J.: 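Structure provided below as structure tokens; questions to follow.
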Amino acid sequence: MYVCSCFGVTEQQVRQHADAGACTPRQIASACKAGTDCGSCVRRIQGILGRGACPRRELADQGAPALTAEPVPAPAVGPQRVHEAA
């Protein structure tokens with residue numbers, strides 16, 4: 001069944017991209033263009049993706065950046081010194 005009639009993307013193709021790691025409609029769009037023309041399929045794509053296990057989504061739910069390859073260090077906490085010009 002077609003999910004995106006603008007680009008001829010099927011539900012099976014969306015699921016294949018999801019199995020390959022796409023967790024959001026934007027990532028599906030990057031993989032196959034679905035959702036980038038008229039946008040009427042975006043809610044259907046969201047429904048297909050559901051709330052399944054996705055490592056990037058789990059990071060985002062925890063407030064961490066989801067698309068970085070390396071963990072982002074926490075900012076230093078404490079007094080900061082301001083260097084004044086002499």
Side-chain angles (χ1 to χ4, degrees):
M1 171 181 226
Y2 285 103
V3 172
C4 176
S5 57
C6 295
F7 292 103
V9 179
T10 65
E11 184 173 334
Q12 180 181 2
Q13 289 172 303
V14 171
R15 290 186 191 280
Q16 288 172 344
H17 290 301
D19 290 344
C23 300
T24 66
R26 185 172 290 180
Q27 291 169 342
I28 295 292
S30 294
C32 63
K33 294 188 178 180
T36 62
D37 194 22
C38 76
S40 66
C41 60
V42 174
R43 288 192 184 269
R44 177 77 175 126
I45 292 168
Q46 288 172 328
I48 293 169
L49 295 174
R51 292 295 296 173
C54 176
R56 285 173 280 194
R57 181 178 293 128
E58 291 167 6
L59 286 172
D61 288 345
Q62 295 170 6
L67 297 177
T68 59
E70 300 289 326
V72 177
V77 178
Q80 296 180 0
R81 292 187 172 176
V82 177
H83 297 283
E84 294 181 17

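Because the structure is predicted, anything quoted here is derived from the model rather than measured.
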J.: In Å, rounded to the nearest 0.5 Å, how long is the span from CG of Asp19 to CD of Gln12?
T.: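 Between atom CG of Asp19 and atom CD of Gln12 there are 10.0 Å.
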J.: Rounded to the nearest 0.5 Å, what's the gap from CG on Leu49 to CZ on Arg15? Could you check?
T.: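 It comes to 9.0 Å.
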J.: Which value, rounded to the nearest 0.5 Å, describes the distance between Arg43 atom CZ and Ile48 atom CD1?
T.: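 That separation rounds to 14.5 Å.
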J.: Of all heavy-atom pairs between Val3 and Arg44, which one has the smallest distance, and what is that distance?
T.: CG1-CG, 3.8 Å
J.: For the side chain to side chain contact (heavy atoms under 4.5 Å, CB included) test, which of Thr36, Val14, Val42 pairs with Pro25?
T.: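 Considering Thr36, Val14, Val42, a side chain to side chain contact (heavy atoms under 4.5 Å, CB included) with Pro25 is found only for Val42.
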J.: I need the minimum non-hydrogen distance between Gly35 and Cys4, along with the two atoms involved.
T.: N-SG, 4.0 Å
J.: Distance from Gln46 atom CD to Cys41 atom SG, nearest 0.5 Å?
T.: 10.0 Å
J.: Could you tell me whether the side chain of Val9 reaches within less than 4.5 Å of the side chain of Lys33, counting heavy atoms only?
T.: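 Result no, sub-4.5 Å side-chain heavy-atom pair not found.
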J.: What are the two closest heavy atoms between His17 and Ile28, and how far apart are they?
T.: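 The answer is CB-CD1, 3.7 Å.
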